[in-house]
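Report on one structure; see the data block that follows.
Residue numbers start from 1 in every chain, and the chains themselves are labelled A, B, ... in the order their sequence lines are given, proteins ahead of strands. Remember, predicted model here, so these are calculated numbers, not experimental data.
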Amino acid sequence: MNELMAAAKVPPLSNFPTVNNDRYFANHPTIKLIDQCSTPQHLNQIHAQMLRSGLFFDPFSASKLIQSSALSQFSTLHYAQKVFDQIHQPNLYSWNTLIRAYASTSQPIHSLAMFIRLLHECDEMPNKFTYPFLIKASAKLADLRLGKGIHGMVVKAGFSSDLFVANSLIHFYAECKCLDVACRVFSSMPERDVVSWNSMINGLAQNDCVDEALEFFHRMEAENMTPNDVTIVGVLTACGKKLDLKFGRWVHSYIEKNGITMSLILSNAILDMYTKCGSMEDARLFFDAMIEKDIISWTTMLAGYARLGNFNAARDLFDSLPSKDIAAWNALISAYEQSGNPREAIAVFNELQLSKAAKPDEVTLVSTLSACSQMGAIDLGGWIHVYIEKEGVRLNCHLVSALIDMYSKCGDLNKALVVFRSVDKRDVYVWSAMIAGLGMHGCGRDAIDLFMKMQEAKVRPTSVTFTNLLSACSHSGLVEEGREFFHQMGKVYKIMPSVEHYACMVDILGRAGLLDDAMELIQNMPMTPGASVWGAVLGSCKLHRNVDLAEHACNKLLEIEPQNHGAYILLSNVYANSGKWDKVSELRKVMRDVGLKKEPGCSSVEVNGIVHEFLVGDNTHPLSRKIYLKLDEMAGRLKSVGYVANKSQLLQMVEEEEMQEKALYLHSERLALAFGLITLGPSQPIRIVKNLRVCEDCHSVAKLVSKLYDREIVLRDRYRFHHFNEGRCSCMDYW
DNA sequence: TTAGGGTTAG
């Protein structure tokens, strides 16, 4: 300590003016020393010296110490708070410094607590510096009511036209997804700087309003406001979401032409744009030329390869990572999960668990739960739920939605409801996930009730909520209710129906046999009907055996998606249902000519945490012999109760009767069912996940088996859930 | 007498 003071040539305090004449303290050598401080020990020594000399009792000097301890790299906020608490009368600067520091932590709520203390304890009123920090904390908390309250105080205190205050308000409202209010703040500003524009552009881009974001960028240029690197990050985010590679390349050259500072963040944003737009070549070229790279650069590349299905390149990159943090693992897991490879996602999760290389975080758990949902892997999903509870992982709305989705999609609606009821904070995703869960299990009325409760809870529905709600109406045949919600969407909730909503509505009408109404709706659509709309028509035609309309819908569907084999299969089913076997063969030939193969049926069933998959006619399973014996036994018992195979949905025109029966008998869900009967205990439900829609014959078999073997069978097909119990199915034979 | 707001992955 003495050495330090000697080195700084600090004279004793008596040589300096006293507290009464504090204008000179800024030049006091001890205070100057604070700025040069670089270790916690130094800071400690200065703190001690200040206490000894009495300098600490000067508010200005104390505020310098607070600033250094709260905002520097080498000190902790905890220490700063302790120092603060020793100050007798901290000045506003000290209060602001702590409010600022807390706003940047993971617990911005402390900023609020300090603000309230400030109002009680400080002689001075909050000033124009206080509010931006406070608004930043509110933005981080995404607490709209809180932020609105602070906005009110800002107006009252007369700071609403302060540039910094207004900019933080724009950011805050965008963060709360209130883009209209953000825009209003922006428009009402007497002066704007580049940050005002950036906050708007980034806010819009983050909230998927990509065209609006780009519009702001062009407006900014037109108004001669020079964009900087942060602006371009927002523009690139928009490009990446627009999947517009051409524009992305233009932005890249814009950076070079306009001499915009190339920061690491900007470089990563460029990489991200290229990978999202699908050009790994551009991304790689840029990545290899980057002088400085961080973990984000690596994971962006990794996720890019994986998203495009180049898993070898992704894995190579992952293995060559200089250090793997949880984000790198998450990139690999979520890439597999999001590209429809849940099995691989789960394998990587298991690898992570075994290696103990990093601790799974909330993102890991959400991705893995989603992989479980896709696989129907309820054991692992349940294990993750236990893990969350055991490790005390904070259940945020993301995780809650993922759990509800997992339990719903794995067929355990009750568990999904238990999770839903156990939380008190429910955002729109949580409500929407639960509505979807009820819908897919055929509980349309409950889904509607829940939607009403959501209104009571004052949670605003989104476009996704309505998709789930309409789909719930469709699965339960609730035509009038569906119509009503469809109309309310735009009128009451100001959400314009998208092509997805139209598809749901067409589905609702079509399934109910109101094919004319469905076609009328399509004709009056304000946008071009997409594949989902024609798919819904085709599905309804299958149900109601309308050959002419099916042909029309199939043609339309193939115009949009020439490689859609589902379209051929459905049309073929329509022909078969009407006994038009010649048409079936013709169609089969067309499929062969265009090189399309029927996606092989695949069903899986989970036993003791291991998911067993079966293809049509599969005999590769180790227990294959036993499975086929069981199938024979099942066939015998089915026949004894008068079951006759329904062959109408066989794609192939198989000549011989016996062959036809064989083909049905070997359907993957039948194999999975037999395996479930062998391996699962009598009280355990058999949960099967099938990649295609279940055929009518297998549906009847499952109903009978549930009765004959006194088993609960839960079958998830491509479209919905079927709960078989005591000879009945929850879909009421309506799917 | 000190100062502030906006940015990249999953």
Assign [X] to base, sugar-phosphate, or nothing according to its heavy-atom contacts below 4.0 angstrom with the strands shown.
X      : value
A:L163 : base
A:Y131 : nothing
A:T299 : base
A:K293 : nothing
A:R192 : nothing
A:K136 : sugar-phosphate
A:Q338 : nothing
A:N228 : base

Going by modelled atom types, is there a donor-acceptor pair between the base of [N] and the side chain of [X] at under 3.5 Å?
X      : N     : value
A:T300 : B:dA9 : no
A:D229 : B:dT8 : no
A:N96  : B:dG4 : no

Return the nearest nucleotide to the side chain of [X]; candidates are [options].
X      : options             : value
A:F60  : B:dT1, B:dT8, B:dA9 : B:dT1
A:V233 : B:dA9, B:dT8, B:dA3 : B:dT8
A:K128 : B:dG4, B:dT8, B:dT7 : B:dG4
A:T237 : B:dT8, B:dG4, B:dT2 : B:dT8
A:K64  : B:dG4, B:dT8, B:dT2 : B:dT2
A:P132 : B:dT1, B:dG4, B:dT8 : B:dG4
A:I265 : B:dT2, B:dT8, B:dG4 : B:dT8
A:K276 : B:dA9, B:dG4, B:dT8 : B:dA9

- Message: On the nucleotide B:dT7, are OP1 or OP2 found under 4.0 Å from the side-chain N or O atoms that A:Q206 carries?
- Response: no
- Task: Using the six-membered ring for Trp and the full ring for Phe, Tyr or His, decide whether A:F129 stacks on the six-membered base ring of B:dA3 (centres under 5.5 Å, planes under 30°).
- Result: yes
- Message: I'd like to check, for A:Y93, whether its ring lies over the base of B:dT2 with centroids under 5.5 Å apart and a plane angle smaller than 30°.
- Response: yes
When the ring planes of [X] and [Y] are compared, do they come out parallel, tilted or perpendicular, using 30° and 60° as the limits?
X      : Y      : answer
A:F159 : A:Y131 : tilted
A:F311 : A:Y336 : parallel
A:F247 : A:H218 : perpendicular

Could you give the [atom1]-to-[atom2] distance, from [X] to [N], as a whole number of Å?
X      : N     : atom1 : atom2 : answer
A:M273 : B:dA9 : CE    : C1'   : 15 Å
A:L169 : B:dG4 : CG    : C1'   : 13 Å
A:Y336 : B:dA9 : OH    : C1'   : 18 Å
A:I255 : B:dT8 : CD1   : P     : 14 Å
A:L236 : B:dA9 : CG    : P     : 11 Å
A:I201 : B:dT7 : CD1   : C1'   : 12 Å
A:D35  : B:dT1 : CG    : C1'   : 13 Å
A:I270 : B:dT8 : CD1   : P     : 14 Å

- Message: Check whether A:F164 forms a cation-pi arrangement with A:K128 (NZ or CZ under 6.0 Å from the six-membered ring centre, at most 45° off the ring normal).
- Response: no
- A:D361 meets the side-chain hydrogen bond (donor to acceptor under 3.5 Å, both in side chains) criterion, sequence neighbours left out, with A:N330, A:T364
- Query: Can we say A:E351 and A:R315 salt-bridge, meaning some charged N sits less than 4.0 Å from an Asp/Glu carboxylate O?
  - Reply: yes
- Query: Can you list the residues that meet the salt bridge (Lys or Arg N to Asp or Glu O under 4.0 Å) rule with A:E121, with sequence neighbours excluded?
  - Reply: A:R117
